Number of protein chains: 2
Amino acid sequence: MQQEEQNQETHGKIEVILQAAQRRLGLYGYEKTTMKEIADDISMSKAALYYYFTDKDAIFKAVVEREQKEFSALIEKKIAELDNPEEMVKVYIDQRMRYFREFMNLSKFRSTEPEQVKPLLKELFFRFRLEEQKLLVKILKIGNSSGQFHCENEELYADLFLNIVKGLRFSLIQQKPYIELAPEELEVLVNAFHDFTTLFIRGLKYNESKYYK
Amino acid sequence: MQQEEQNQETHGKIEVILQAAQRRLGLYGYEKTTMKEIADDISMSKAALYYYFTDKDAIFKAVVEREQKEFSALIEKKIAELDNPEEMVKVYIDQRMRYFREFMNLSKFRSTEPEQVKPLLKELFFRFRLEEQKLLVKILKIGNSSGQFHCENEELYADLFLNIVKGLRFSLIQQKPYIELAPEELEVLVNAFHDFTTLFIRGLKYNESKYYK
DNA sequence: TATCTGACCATTTTGTTTAAAAGGTCAAAG
DNA sequence: CTTTGACCTTTTAAACAAAATGGTCAGATA
């Protein structure tokens, strides 16, 4: 919206636009969602969308940012309720999984566009990744200071953890043109995440000094 | 070759064909390598290739199978020289990495064809994966019986390990149209593999009973 | 003034047609 | 037993027109 002063209806309209965009984005992905479709969905003219948003990217950026913030808030809240770092990791992976399947149909970005992810999204995902990393580092540090974990380099392991989680998704969901969460595939993924988390936590708990080699 | 009885030169010719195919395959991938090019490379007519191989797939299947067997033989030999299972895992990951970058330009299969991997290759990769899995299970069992590892389910962890290795590749090498091993990217990958292996081994060595929680 | 629209533009995507190149076959020659 | 050139059928690539898309703007609406 290019005007500074806004009518009380403006926020409502923006919300309506974002919801329509989000629905389309989730169903068909970025490329297969047109401005006209969004406009028609909410009985607006296409031009009106450009009154509230500068361009298509701005709309989808807003959608993605909102979903990301939603997840971050949720996960932070969930974790704040816990005190055991091991539990925190487990909850994190569990929630991340849900997020991925429920909200993150945004992954269709990649599948629709064969190769290059839009720079716009690259930046968004990058920032999101940084937040995830920060949260994980925090958890690892809690674990270290409570003596449950023995992790020399929290940043490194947080990074590794996130790369593996991302990689397992890639690896197990054979990247298809359409991203559909077939229940059986999802179960495989859930199990892999679970097993990996167990292993990861064991790796963190492992204390060299307790072993003679 | 459709004849049962073969002239001593036949094997030589097949070898020449396979080498030409392998070179082309490594450089340009499956789709971008034509039968005519292979034939021209070795100063043969295209039709002659069909005397030795039933079709294009047969040639590339032979190439891939040969490279896979080459790797399997090498890795089995290297591992047989060791007695420490921890070392075995490390050597395995190290050799697998080399194999990936040096011989496995076959990965270009995937990059050239946007989405679906040829069924032919799917089967080959699947069989190869089974062999890798078998080898890893063997290593894990050695570790278990020597008391160094405490791994309840060897198959499961071998599978997980291989999925993660595959996933890390996907995850870190942003899948590009061309697969070029930029030294810096390779280093990132090597480091990730190293860190993961460390973590994995710790996870295997971790013994619940030694910890009171 | 704040919100919205239809007509309009430039560029990209999509369809369709055509020519070239691809994989593959075969009778016949060496 | 090998090899070939001519030939076949199917796939891919080039070229071009038609449609659709993101985006703009003067002006209507209220």
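Just so we're on the same page: letters track the sequence lines, and every chain starts at 1. Everything numeric in this text was worked out from a predicted model, so none of it was measured.
Looking at residues two or more places apart in sequence or on another chain, you find a salt bridge (charged side-chain N to carboxylate O under 4.0 Å, His left out) between A:K138 and A:E76.
When the P atom of D:dT3 is taken as reference, atom CD1 of B:I42 falls 10 Å away, rounded to whole Å. One interatomic measurement links the two molecules: CG of B:L49 to P of C:dT25, which rounds to 13 Å at whole-angstrom precision. Straight-line distance from the CD1 atom of A:I14 to the C1' atom of C:dC4: 15 Å, rounded to whole Å. At whole-Å resolution of the value, OH in A:Y51 and C1' in D:dA28 are 15 Å apart. The distance from atom OH of B:Y50 to atom C1' of D:dC8 is 13 Å, rounded to the nearest whole Å. Rounded to an integer number of Å, the gap from NZ of A:K36 to P of C:dG6 is 10 Å. Taking atom CG of residue B:D55 and atom P of nucleotide C:dG24, one finds them 5 Å apart after rounding to whole Å. Atom NZ of A:K56 and atom P of C:dA10 are 21 Å apart (whole Å).
The A:K46 side chain lies nearest to D:dG23 when the options are C:dT25, D:dT3, D:dG23. The B:A47 side chain lies nearest to C:dC26 when the options are C:dG23, C:dC4, C:dC26. Distance from the side chain of A:A48 is smallest to C:dT5 among C:dT5, D:dT21, D:dA13.
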Donor-acceptor contacts, no H, no angles, side chain residues 188-201 of chain A, under 3.5 Å, sequence neighbours left out:
unit_1 : atom_1 : unit_2 : atom_2 : d
A:N191 : ND2    : A:E187 : O      : 3.4
A:T197 : OG1    : A:F193 : O      : 2.6
A:T198 : OG1    : A:H194 : O      : 3.0

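Side-chain contact check for B:Y52 versus B:M44: some heavy-atom pair is nearer than 4.5 Å.
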- Decide yes or no on side-chain contact (heavy atoms from CB on, under 4.5 Å) for A:K78 and A:Y92, but give the supporting numbers first. CA-CA 9 Å; A:K78 287 243 176 198; A:Y92 174 80; over 6 Å; no
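Distances shorter than 4.0 Å separate some side-chain N or O of B:Y52 from OP1 or OP2 on D:dT3.
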